[in-house]
Amino acid sequence: MSDGSTLLGDVLSRMDEAAERLRIDRDMYKTLRSPRTSLTVTFPIRMDDGSIEIFTGYRVLYNYARGPSKGGVRYHPAVNLEEITALAAIMTLKCAVSGVPFGGAKGGVTCDPSRMSMNELERLTRRYTYMILPLLGPDKDIPAPDVNTNEQTMAWMMDTYSMLAGYTVPGVVTGKPFQLGGSRGRSYATGRGVAFITAETLKRLDMPLEGATAAIQGFGNVGSNTARFFHEEGIKVTGVTDLSGGIFNNSGLDIPALLEHVKRERRIAGFDGGEFISDYQRANERLIRSKVDVLVPAALENQITVNNAADVGADVIVEGANGPVTSGADEILARRGKVVVPDIVANSGGVIVSYFEWVQDVQAYLWTEEQVNQRLKEVITGSFSRVWDKSEDHSTDLRRASYMEAVEKIVDVTRLRGIFP
Ligand code: GLU
């Protein structure tokens with residue numbers, strides 16, 4: 001569904017525009033246009049049938065001027081260096097906007113985890129961790145889950161790092177199981193943050209929350225938890241898609257039942273609480289056209305492009321995924337009066353609670369679930385308010401305002417630190 005623009009191209013031109021508007025010193029800004037460290041690793045894994053396969057993985061530390069670099073690791077057949085670089089840049093901006101004291105990174109392995117066993121995934125994760133080891137550390141670079149990785153993946157990464165260090169180092173990854181130093185509330189934090197941000201946006205737009213309608217693309221960690229919190233807040237979810245198709249019900253899907261079904265079946269296909277469309281493309285077209293208040297793209301990048309932005313039926317688009325709306329689509333949506341809440345604000349709940357997890361690990365002092373959720377709400381709504389106010393002050397959209405906020409903070413720190421040597 002690409003419209004020819006690339007995620008990295010979009011991110012760079014959005015940063016350029018922000019720097020220009022801010023009249024930032026070109027020399028200082030230059031430091032933000034390229035990644036500090038890009039590592040490509042190629043390694044063999046013994047598969048369950050005894051054969052050996054070669055995999056390629058990446059870890060890009062885009063920028064660490066504001067602190068240790070932070071960002072997820074994804075397993076997906078489409079993973080490549082350019083994509084990981086763009087996602088690492090997005091993490092840098094996301095941490096800056098939220099105010100958490102981290103730089104940005106991203107990692108990934110090109111693979112199809114749906115065709116791999118648990119044992120194969122464990123060997124892949126441990127070998128990948130070993131290959132990127134020189135970059136990792138609780139004060140250096142801290143991975144977390146992303147597309148197709150989860151708490152178990154983080155447990156393996158933490159164990160591999162710790163075995164090689166000779167002692168247990170919980171703070172080297174976040175999004176771990178609670179028993180290993182994970183934080184209460186981390187597993188659903190991104191979805192919870194999306195729900196907080198949606199509520200704040202509707203409030204600012206004078207749209208009622210109770211009875212509002214929503215459609216969600218993707219039903220992984222972000223999509224499913226967003227649905228759960230929308231349901232709890234009284235937002236009616238009328239359509240959901242995943243790789244197995246889409247399910248639609250204008251009176252609102254029974255989200256608790258759908259969550260139970262997906263827990264059992266690992267996909268939405270087979271759920272009978274609405275009209276099911278098994279064709280992935282048709283299901284997504286219908287979802288994007290849905291006349292709802294809020295559309296949450298919570299799958300992959302480049303989903304709303306110049307090819308379908310004119311079809312978007314929602315009034316508000318809240319980016320649960322990273323980079324789901326291209327720059328070309330942004331312009332079309334703006335002309336149509338649609339409000340886009342950008343990824344670096346909308347889905348920052350995950351990395352905000354990752355920061356809390358890291359703080360708890362470093363201090364070896366655990367917080368309660370209530371403390372985590374309360375602090376998440378404070379940090380994410382604070383970030384949203386700053387961006388909203390900036391967009392009004394500069395008469396611009398939320399994406400441009402959020403990039404201005406982030407670029408200004410990173411360049412400020414770069415200037416204070418100076419250029420080495
Ligand atoms: N992968 C998540 C993101 O894209 C979380 C990253 C993290 O917690 O470090 O924001």
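Whatever order the structure lists them in is the order used to number ligands and atoms, beginning at 1.
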With a 4.0 Å cut-off on heavy atoms, does P145 reach ligand 1?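 Within the 4.0 Å threshold, so yes.
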
Give a yes/no verdict on a cation-pi contact between R286 and F248, requiring under 6.0 Å between NZ or CZ and the six-membered ring centre and an angle within 45° of the axis.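 Cation-pi check for R286 and F248: passes.
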
Do the side chains of K203 and E200 get close enough for a salt bridge, i.e. N-O under 4.0 angstrom?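 Salt bridge present between K203 and E200.
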
Suppose we measure from atom 1 (N) of ligand 1 to each protein heavy atom; which comes out shortest, and what is that distance?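 Heavy-atom neighbour on the protein nearest atom 1 (N) of ligand 1: D146 OD1, 2.8 Å.
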
Pull out every atom of ligand 1 sitting under 4.0 Å from any heavy atom of G71, numbered as shown with elements.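 Numbered from 1, ligand 1 contributes 9 (O).
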
Salt-bridge criterion met for D412 and K409 (N-O under 4.0 Å):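 No, no charged N to carboxylate O under 4.0 Å.
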
Look at atom 8 (O) of ligand 1 and say which protein heavy atom is nearest, naming residue and atom and giving the distance to 0.1 Å.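 The closest heavy atom on the protein side is S354 OG, 2.6 Å.
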
Any side-chain donor paired with an acceptor under 3.5 Å for D112 and S114?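 Yes, a side-chain donor-acceptor pair sits under 3.5 Å.
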
Side-chain H-bond candidate by donor/acceptor type, D16 with Y29, under 3.5 Å: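 Yes.
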
Regarding T129 and T160, is there a side-chain donor-to-acceptor distance under 3.5 Å anywhere?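 The answer is no; no qualifying pair exists.
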
Of all the non-hydrogen atoms in the protein, which one sits nearest to atom 9 (O) of ligand 1, and at what distance?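 For atom 9 (O) of ligand 1, the nearest protein heavy atom comes out as K70 NZ, 2.8 Å.
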
Any idea which protein heavy atom is nearest atom 4 (O) of ligand 1, and the distance to it?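 Answer, as residue, atom name and distance: N322 ND2, 3.0 Å.
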
Quick one: is the NZ or CZ of R228 closer than 6.0 Å to the six-membered ring centre of Y188, and within 45° of its axis?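 Yes, R228 sits over the ring of Y188.
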
Heavy-atom distance to atom 5 (C) of ligand 1: which of R186, M154, R74, K94 wins?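 Selected option, by shortest heavy-atom distance: R186.
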
Suppose we measure from atom 7 (C) of ligand 1 to each protein heavy atom; which comes out shortest, and what is that distance?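 Heavy-atom neighbour on the protein nearest atom 7 (C) of ligand 1: A144 CB, 3.3 Å.
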
State the atoms of ligand 1, each with its element, that fall below the 4.0 Å cut-off from a heavy-atom position in M91.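 Once the distances to M91 are compared, the set is 3 (C), 4 (O), 6 (C), 10 (O).
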
